[in-house]
Amino acid sequence: MQSFAPEVASLLLIILIVLMVASFIGWVLARRTTSESGKATVKNLNERVKSWWVMTGVFVAALALGKVGSVLIFAFMSFLALREYITITPTRLADHRTLFAMFFVVLPYQYWLVYTSWYGMFAILVPVYAFILIPVLSVICGDPKEFLERSARNQWGLLVCVFFISHIPMLLNLHVPQFKHGNAGLIMFLVVVSQGSDVLQYCWGKLIGKHPIAPTVSPKKTIEGFIGGVLSASLLGALMHGLTPFGPVNAGIIAFVITIMGFFGGLVMSAIKRDRGIKD
């Protein structure tokens, strides 16, 4: 087990208290709200709180178990994410060889690179070598039907579910001179800012949101919620600069970039759900 730096431990305690308060408020609202629209809002809020509990548990376990534990936990998360992605995308019999390579060759090798800190190969395995491997495996099966679409879907799944997620435990391998608080703080900073932005955008949208950004993709995301959430989460990032080797200004700028990318990432996920006709 790995001990936490004081800043990380303090933040975890704050998150725990906030989650307990939010759960209690959600429990009270669920019993007092009578209108249908109010019940839907409360249900959405409680689902977000439950997701926070799960995510917090996962990240605490990953940080507490150290490098080996974090690599294994995030590898398992990538496996579940990729499995979820494949279940909602159409595949053919000719894709089975490709899918086997994705799950049992590329995914474990990507996380082995994280464990061994081989950043050079880590950075190009999925976007270069897997990008070439997937269409090759598909084409030798001799099924040209929807070949381009199938290859693109599989390649994109690896990027989102494996390559992107694997960058989180890779933060533990960064060597930051004269940074005494440990790299676990970097992961906490990333997670709290990105998820905090999502929650704050939701809250600002509910309070003052009037103008949808992409109504056909995600009608509940508004310009007002986006601006309020981004600015609030950027300020939150600046206040949490102690978890990073940066000062308040630079931490706030980094948080701003994280919130912008997180917002558009959320829109992309919403577009996938709309395309596949699913809610979650």
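Treat the numbers as computed from the prediction; the structure is a model and nothing was measured.
- Residue pairs meeting the ring pair (Phe, Tyr, Trp, His ring centres under 6.0 Å) criterion with at least one member in residues 235-272, sequence neighbours excluded: Phe226-Phe263.
- Between Pro245 and Leu186, some side-chain heavy-atom pair lies under the 4.5 Å cut-off.
- With a 4.5 Å cut-off on side-chain heavy atoms, Trp204 and Ile227 do not count as touching.
- Taken to the nearest 0.5 Å, the CG atom of Leu82 stands 5.0 Å off from the CD1 atom of Ile86.
- You'll find the ring centres of Trp112 and Tyr115 inside the 6.0 Å limit.
- Thr33 and Lys43 share no donor-acceptor pair across their side chains, judged by distance under 3.5 Å alone.
- In this structure, Asn173 contributes its side chain and Val114 its backbone to a donor-acceptor pair below 3.5 Å.
- Taking Ile, Leu, Val, Met, Phe, Trp and Tyr as hydrophobic and joining them when side-chain heavy atoms fall under 4.5 Å apart, one finds Val105 isolated, its cluster having no other members.
- How far CD1 of Ile165 is from CE of Met170: 15.5 Å, rounded to the nearest 0.5 Å.
- The aromatic rings of Phe104 and Phe79 sit tilted, their planes meeting at an angle between 30° and 60°.
- With 3.5 Å as the limit, one finds no donor-acceptor pair spanning the side chains of Glu47 and Ser51.
- Not counting sequence neighbours, the partners of Arg274 by the side-chain contact (heavy atoms from CB on, under 4.5 Å) test are Pro219.
- In this structure, Phe147 and Pro135 approach most closely via the heavy-atom pair CZ-O, 3.5 Å.
- Between Val160 and Met269, some side-chain heavy-atom pair lies under the 4.5 Å cut-off.
- Considering only heavy atoms from C-beta on, Glu146 comes within 4.5 Å of Arg153 through its side chain.
- Other members of the cluster containing Leu239 are Leu235, with ILVMFWY side chains joined at under 4.5 Å, either directly or via other members.
- Shown here are the side-chain hydrogen bond (donor to acceptor under 3.5 Å, both in side chains) partners of Ser151, two or more places apart in sequence or in another chain: there are none.
- Annotation for Met261: hydrophobic cluster partners, listed by chain and number, are Val257 (ILVMFWY side-chain heavy atoms under 4.5 Å, direct or chained).
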For this session: Begin with the C-alpha distance, continue with both residues' side-chain angles, and end with the deciding distance and a verdict on side-chain contact (heavy atoms from CB on, under 4.5 Å) for Phe189 and Ile258.
Result: CA-CA 10 Å; Phe189 180 85; Ile258 291 173; 4.0 Å; yes

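- Take Asn250 and apply the side-chain hydrogen bond (donor to acceptor under 3.5 Å, both in side chains) test, not counting sequence neighbours, and it matches no residue.
- The hydrophobic cluster around Phe24 extends to Trp27, Val28, counting ILVMFWY residues whose side-chain heavy atoms fall within less than 4.5 Å of a member.
- Applying the ring-ring contact (aromatic ring centres under 6.0 Å, His included) test to Tyr129 and every residue at least two apart in sequence or in another chain returns nothing.
- The distance from the CD atom of Glu224 to the NZ atom of Lys206 is 13.5 Å, given to the nearest 0.5 Å.
- Under the 4.5 Å side-chain criterion, counting only non-hydrogen atoms from C-beta, Ser166 is not in contact with Phe74.
- Ala214 pairs by the side-chain contact (heavy atoms from CB on, under 4.5 Å) definition with Val217, Leu267, not counting sequence neighbours.
- Looking at residues two or more places apart in sequence or on another chain, you find no salt bridge (Lys or Arg N to Asp or Glu O under 4.0 Å) involving Arg83.
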For this session: Would you sort out whether Lys221 and Ser270 count as a side-chain contact (heavy atoms from CB on, under 4.5 Å), showing the intermediate values?
Result: CA-CA 10 Å; Lys221 285 183 168 59; Ser270 294; 4.2 Å; yes

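- Rounding to the nearest 0.5 Å places OH of Tyr111 at 8.0 Å from CZ of Phe122.
- Every residue two or more places apart in sequence or in another chain was checked for a ring-ring contact (aromatic ring centres under 6.0 Å, His included) with Trp53, and none qualifies.
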